[in-house]
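Single-structure report; data block below.
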Amino acid sequence: MGAIEIVDVHKTYRRRRGGPNKAVDGLDLVVDDGGVHGFLGPNGSGKTTTIRMLLGLVRPDSGTLQVLGQPVPASLPQLIPEVGALVETPLFFPNFSGRTNLRILGDVSGISTSRQEECLEIVGLRDRADDRFKSYSLGMKQRLGIAAALLKSPRLLILDEPGNGLDPAGIREVRELIRTLGADGRTTVFLSSHLLTEVQQVCDHVSILARGRCVASGRVDDVLATGASDDVVVILDPSDADRGLEVLRDNGFQVSAQPDGIRARDVGDPARVTRALADSGIYLRGLAPVVADLESVFLELTADDAQDPTAAQIA
Amino acid sequence: MSTLTAPTTAAGPDVRRPSLLKAEARRFRSRRLIRNLFLLGIIGYVATTIVLFTQYEKPSVEGLRAAQSRVDELVLEQTQYHADCIKTTPPDGMTADDYCGPVPTAADFGDLSNFLPKQAFTLEQNLPVLSQVFGISLAALAFLIGATWIGAEWSSKNLASWLTWQPRRLRVMAAKVTVLVAVTVVAATVVQLVWWGTGYLLASTRGVTSVPVDFWGDQWAMQGRLVVYAVLAALGGFALANLTHNTGAAFGIAFIYFAGIETAVRLINPEWQRWLLSDNSIGFIDRKGWLIQWVDEESFLGVPHRIFLSHWGSGLTLAVAVTVILAIGVALFKRRDLS
Ligand SMILES: Nc1ncnc2c1ncn2[C@@H]1O[C@H](COP(=O)(O)OP(=O)(O)OP(=O)(O)O)[C@@H](O)[C@H]1O
Ligand SMILES: [Mg+2]
């Protein structure tokens, strides 16, 4: 049983101006039980919309969604005690203190005050718990949001960009917390993020979203491998560089000069490069395969996105 | 998060009964608006009571005697004037009696109490007014509280947050409405009882407690209707703010309706007045109901058109209006995407 199963879900927002807006366009997604699953995509790719549909806040136009093996939104009332969520910016009553806000949520779900205090402790907000929510800094608001999401000790924890506004120490702590939760054998964390490094550091699985569709999904290592190219960088003596470029081109390789050497694309067997150069009397100093990181895979997979792909890095 | 520890997820939360109502009740009493209004209400009550106690006075023997002698004085003055008038020649075609009027008596000066320095508080006259004034004030406050109660949630976008804790949208709304109604009933009942008590105290120390036989039946019924009226006002505020997703808009609509639409309706077709909320409010609150009267060119011999709004009829009209607005808002909330 998967923690989340989404099959062919479509969602179009009807806007008053500017016509319909396809936010999610035939999304298929499976999140297995346990561990941390990254949900990665550029701005506007439909991450938050997907999460809202999982929580019953937004109704899909078509397709089916399941959470912990049960259909949503139909079974949400039974599921909700097992699902903790932080969607985009945390929403609380601005004039109430952090503690009062948690008390209210505790009343709704029947969670003891000791657990509420424990969650405040976990996110390091106990000292400021009696200050009004609106007086909190961005990071403190986010921490309270995480505390609220943890309150139920959920089996599925959905976090929509939890690192928002946190300082580096806070980000590291949240990442550790997420990793701990993901490793406890009980909790599945579904983590939406812009931050490729975050996903690479914390997640075991990742799904990459572009234009409302899943373009890659699997173990982080495997997704990296799909993006791994057959490219190599050939390092030559500077005096041989120009001739080397020519020789390789004559042998049918796609090449380009780079500061660190000559990049040859889709070489297949690197020995072919070595032989071609040696036959012309050029001996290479080094040959390095181009290692994919999630960032390049991500940019490659979402490259033809209508939206500006660099936006994903800025945010 | 320096104190970060592995959360005790495996243990699970301790069990308590989940209760939306409890959560909403906590929210209600934690609100600053409510706390401030509560304080203001107490201050207002004390101030008004002090003023009322200084305004009224039981008629004393000396006071009555002074009033009687003042009336006697006036009668004497007028009698003198009348006697002088009779002696003059009246204008053509008038008798002396027509010209000078009848001989003045004490009855011409009305009730003796008009000549007392301070009035007596009479249960029969003053208590119903007290009940109405404070009942209507409370209804206005209830409208405000109802509108902000849901308006604050829309403006902080908090409703989406509730739904990640209780996805049954109708229950979420029902809990809000229930708490609002319960609080309004309690507050309005307390206000009515407190003013009834205060009025009784005023009458026994500063006036007259004697009332006609049918007085208490009408009075209690009216006070009961005032409690219902406050509930309708609270729900009206809630329904409008829920429909527009905005507290301010609820007030705007109420203002435009009462200041503009009602006036226009009265001008365009007086017959439609029977459907206006203010006429129905009067019909509902007044001790006897409300008789709408107007004259136009079709009125036979200047006899006005009449429509009588009874307690039941106007109460029903008000209730239907509130229910319709509330139902539309809740139905939209049930279906709409929240983001
Ligand atoms: N309430 C709404 N009404 C209309 N369009 C919306 C609404 N919410 C989202 N959209 C649109 O749906 C698309 C997907 O938005 P969504 O918020 O799901 O993206 P996202 O992946 O979460 O982006 P980000 O990384 O910026 O948070 C966007 O084009 C957005 O403009
Ligand atoms: Mg988002």
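In what follows, every chain begins at residue 1, and chains take the letters A, B, ... in the order their sequences are listed.
Using a 4.5 Å heavy-atom cutoff, the side chains of A/Arg132 and B/Arg32 are in contact.
The distance from atom CG of A/Leu57 to atom OG1 of B/Thr164, rounded to the nearest 0.5 Å, is 7.0 Å. Rounded to the nearest 0.5 Å, atoms CG (A/Leu76) and CZ (B/Arg168) are 10.0 Å apart. If you take CG on B/Leu338 and CZ on A/Arg59, they are separated by 10.0 Å, rounding to the nearest 0.5 Å. B/Ser161 contributes atom OG, which lies 6.0 Å from atom CG of A/Leu105 (distance to the nearest 0.5 angstrom). A distance of 4.5 Å separates CH2 in B/Trp165 from CG in A/Leu151, rounded to the nearest 0.5 Å. For the atom pair CZ (B/Arg27) and CG (A/Asp107), the distance works out to 12.5 Å, reported to the nearest 0.5 Å.
The nearest pair of heavy atoms linking A/Ile104 to B/Ala23 is O-CB, 3.4 Å. The two atoms that bring A/Val108 and B/Trp162 nearest to each other are CG2-CZ3, 3.2 Å, heavy atoms only.
Ranked by heavy-atom pairs shorter than 4.5 Å toward chain B, the options A/Phe96, A/Tyr13, A/Phe92 are led by A/Phe96. Chain B forms the most heavy-atom pairs under 4.5 Å with one residue out of A/Ala148, A/Ser109, A/Ala149, A/Pro90, and that residue is A/Ser109.
Environment of CZ in B/Phe38: sparse, with no more than 12 heavy atoms of neighbouring residues, nucleotides or ligands closer than 6.0 Å. Heavy-atom contacts from other residues, nucleotides or ligands closer than 6.0 Å to NZ of B/Lys334 number 12 or fewer. Counted within 6.0 Å of CZ on A/Arg126, heavy atoms from surrounding residues, nucleotides or ligands total more than 12; the atom is thus considered enclosed.
In this structure, the portions of B/Arg31 lying under 4.5 Å from any heavy atom of chain A include both its backbone and its side chain. Proximity to chain B is limited to the side chain of A/Gln78, based on heavy atoms less than 4.5 angstrom apart. When heavy atoms are compared at a cutoff of 4.5 Å, A/Pro77 approaches chain B by way of both its backbone and its side chain.
Electrostatic pairing of A/Lys11 and B/Asp337 counts as a salt bridge here, judged by a charged N lying under 4.0 Å from a carboxylate O.
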